[in-house]
Enquirer: 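The structure that follows is given in the form of structure tokens.
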Protein chains: 2
Amino acid sequence: MLVRPKAGILDPQGQAVESSLRQLGFPVGEARVGRVVDLEVEASDPAQARAEVEQMCHRLLANPLIESFEIELEGA
Amino acid sequence: MLVRPKAGILDPQGQAVESSLRQLGFPVGEARVGRVVDLEVEASDPAQARAEVEQMCHRLLANPLIESFEIELEGA
């Protein structure tokens with residue numbers, strides 16, 4: 001899943017990336033930095049897998065006050 | 001772009017996520033944690049945009065010894 005800072009939330013890591021890239025001569029626009037978490041889960045179907053990962057995001061992986069998450073499933 | 005620890009490279013963040021999820025009662029397999037960086041670049045075509053972002057990864061965003069990166073483009 002992808003966890004990103006919500007729009008409007010200050011993102012110091014993104015700002016650091018932005019200014020470093022500009023100093024290296026890359027004329028970039030806004031940069032935002034988030035996390036990608038790759039996980040193996042056992043589930044009988046994709047809907048169950050998604051529901052389980054959603055629970056994990058709510059309970060551990062994403063801070064709902066400042067972060068949004070996106071789940072992508074891959075079959076195994 | 002997505003930056004992930006290479007296979008075989010120790011990923012303490014992933015291990016922490018793994019054991020925390022198990023303690024919460026989620027029977028997950030391996031977890032790996034990387035970064036997602038969203039960037040705006042100006043380019044005349046997708047190939048040029050990709051080449052530029054590849055440069056940025058090599059020069060700043062990914063550590064080639066321990067990380068691999070993947071670039072996804074979105075038109076604007």
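We use all heavy atoms of the structure for the numbers below, so side chains are in, but hydrogens, waters and symmetry mates are not. In what follows, chains carry the letters A, B, and so on, assigned in the order in which the sequence lines appear, proteins first and then strands, with residues in each chain numbered from 1.
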Enquirer: Among B:S20, B:G29, B:G34, B:G14, who wins on heavy-atom pairs under 4.5 Å with chain A?
Expert: B:G34
Enquirer: Do A:I71 and B:V36 belong together in a cluster built from hydrophobic side chains that touch within less than 4.5 Å?
Expert: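 A:I71 does not cluster with B:V36.
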Enquirer: Got B:M1 and B:C57 here, is their nearest side-chain heavy-atom distance under 4.5 Å?
Expert: yes
Enquirer: Looking at chain B, which one of A:V17, A:V41, A:D38, A:L39 has the largest number of heavy-atom pairs inside 4.5 Å, strictly under?
Expert: A:D38
Enquirer: Does A:F69 share a hydrophobic cluster with A:M56, counting links as ILVMFWY side-chain heavy atoms below 4.5 Å and allowing steps through other members?
Expert: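 Yes, A:F69 connects to A:M56 through the hydrophobic network.
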Enquirer: Check B:E52 against A:P27 and note the closest heavy-atom contact, atom names and distance.
Expert: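 Smallest interatomic distance, heavy atoms only, reads OE2-CD, 3.8 Å.
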Enquirer: Examine whether an atom of B:E18 lies under 4.5 Å from a heavy atom of chain A, and if so say whether it belongs to the side chain, the backbone or both; otherwise answer neither.
Expert: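 Neither part, no heavy atoms under 4.5 Å.
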Enquirer: Between A:V3, A:L61, A:L60, which has the largest tally of heavy atom pairs under 4.5 Å with chain B?
Expert: A:L60
Enquirer: Does B:V53 belong to the same Ile/Leu/Val/Met/Phe/Trp/Tyr cluster as A:V33, with side-chain heavy atoms less than 4.5 Å apart forming each link?
Expert: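 In one cluster: yes.
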Enquirer: Can you tell which part of B:L2 gets under 4.5 Å to a heavy atom of chain A, answering side chain, backbone, both or neither?
Expert: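 Just its side chain gets close to chain A.
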